[in-house]
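Keep in mind that what you see is a predicted model, and the values were worked out from it rather than measured.
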Amino acid sequence: MHVLEKLLSCEAIPVTVSDSEGYLFDGDGFDYVKYTLIRNIKAQQRSLKEYLKTFPRAKYINDAKPWGEQCDIAFPCASQNEIDQGEALSIISSGCRVLIECSNMPCTGQAVDILRKAKVHVAPAKATAAGGVIHCFVCSCHS
């Protein structure tokens with residue numbers, strides 16, 4: 001949640017958040033109103049699916065990660081080795097240009113190699129020294 005809040009303060013447009021059950025995609029992007037709703041949902045230990053009751057145009061995808069959604073910047077925020085070779089290829093196909101590791105080594109070494117060969121800039125976890133409760137999200141820099 002801290003990374004999401006920081007992105008909003010920088011006027012970025014986050015478009016996905018995830019939890020252990022899947023991910024939420026809102027093509028209109030998240031703002032402070034939506035952030036507050038997500039924060040309240042998670043504080044009550046409810047599923048991100050609850051978000052759809054208020055914003056039905058969004059979609060929740062069960063048992064999946066958001067790495068295939070179109071984005072400019074990806075911020076994996078929860079698990080070590082959550083991004084492997086296949087997910088690195090999905091990130092590349094999504095149009096992502098930058099990946100910022102916000103947890104302890106979310107990318108395998110092979111994933112980092114694939115991303116760098118595809119000219120995706122990778123900011124390693126040791127350099128970013130961040131973390132978060134929401135597992136991952138992607139962000140669009142377009143209005």
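In this structure, a donor-acceptor pair under 3.5 Å is present between the side chains of Tyr23 and Glu69.
Under the 6.0 Å distance and 45° angle rule, Lys34 counts as a cation-pi partner of Phe55.
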Given side chain to side chain contact (heavy atoms under 4.5 Å, CB included), test Glu21 with Asp63 step by step and report yes or no.
-> CA-CA 5 Å; Glu21 298 174 13; Asp63 298 321; 5.6 Å; no
Decide yes or no on side chain to side chain contact (heavy atoms under 4.5 Å, CB included) for Lys65 and Ser18, but give the supporting numbers first.
-> CA-CA 7 Å; Lys65 296 179 182 176; Ser18 68; over 6 Å; no
Check the pair Arg39 / Thr36 against side chain to side chain contact (heavy atoms under 4.5 Å, CB included), numbers first and verdict last.
-> CA-CA 5 Å; Arg39 187 186 65 215; Thr36 300; 3.6 Å; yes
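Taking all atoms of both residues into account, the shortest heavy-atom contact from Asn62 to Lys49 is OD1-CE, 3.0 Å. The nearest pair of heavy atoms linking Gln70 to Val15 is O-CG2, 4.3 Å. Here the shortest heavy-atom pairing between Ile114 and Ala88 reads CG2-CB, 4.0 Å. The two residues Met1 and Tyr35 make their nearest non-hydrogen contact at CE-CE1, 3.1 Å. Contact record, Cys96 with Val120: O-CG2, 3.5 Å, taken as the closest heavy-atom pair. Between Glu82 and Trp67, the shortest heavy-atom distance links the atoms OE1-CZ2, 3.7 Å.
With contacts defined as side-chain heavy-atom distances shorter than 4.5 Å, the pair Asp84/Gln110 does not qualify.
Partner Phe30 forms a side-chain contact (heavy atoms from CB on, under 4.5 Å) with one of Asp28, Asp26, Val33 and no other, that one being Asp26. Of the residues Leu89, Val98, Ile92, the one that meets the side-chain contact (heavy atoms from CB on, under 4.5 Å) test with Leu115 is Ile92.
When the shell of 6.0 Å around CD of Gln44 is examined, it contains more than 12 heavy atoms from other residues, nucleotides or ligands.
Residues meeting the salt bridge (Lys or Arg N to Asp or Glu O under 4.0 Å) test with Asp113, sequence neighbours left out: none.
Taking CZ from Arg97 and NZ from Lys119, the interatomic distance works out to 15.5 Å, rounded to the nearest 0.5 Å. Atom OH of Tyr51 sits about 6.0 Å away from atom CG of Leu24, to the nearest 0.5 Å. Atom OG of residue Ser9 and atom CG of residue Leu7 lie 7.5 Å apart, to the nearest 0.5 angstrom. Here Cys71 contributes atom SG and Leu99 contributes atom CG; the two are 8.5 Å apart, rounded to the nearest 0.5 Å. To the nearest 0.5 Å, the span separating CD on Glu87 from OG on Ser94 amounts to 12.0 Å. Between Leu8 atom CG and Ile13 atom CD1 the span is 10.0 Å, to the nearest 0.5 Å.
Side-chain heavy atoms closer than 4.5 Å link hydrophobic residues (I, L, V, M, F, W, Y) into clusters, and following such links, even through other members, never connects Ile73 to Val112.
Between the side chain of Asp19 and the main chain of Gly22, a donor-acceptor pair closer than 3.5 Å is present.
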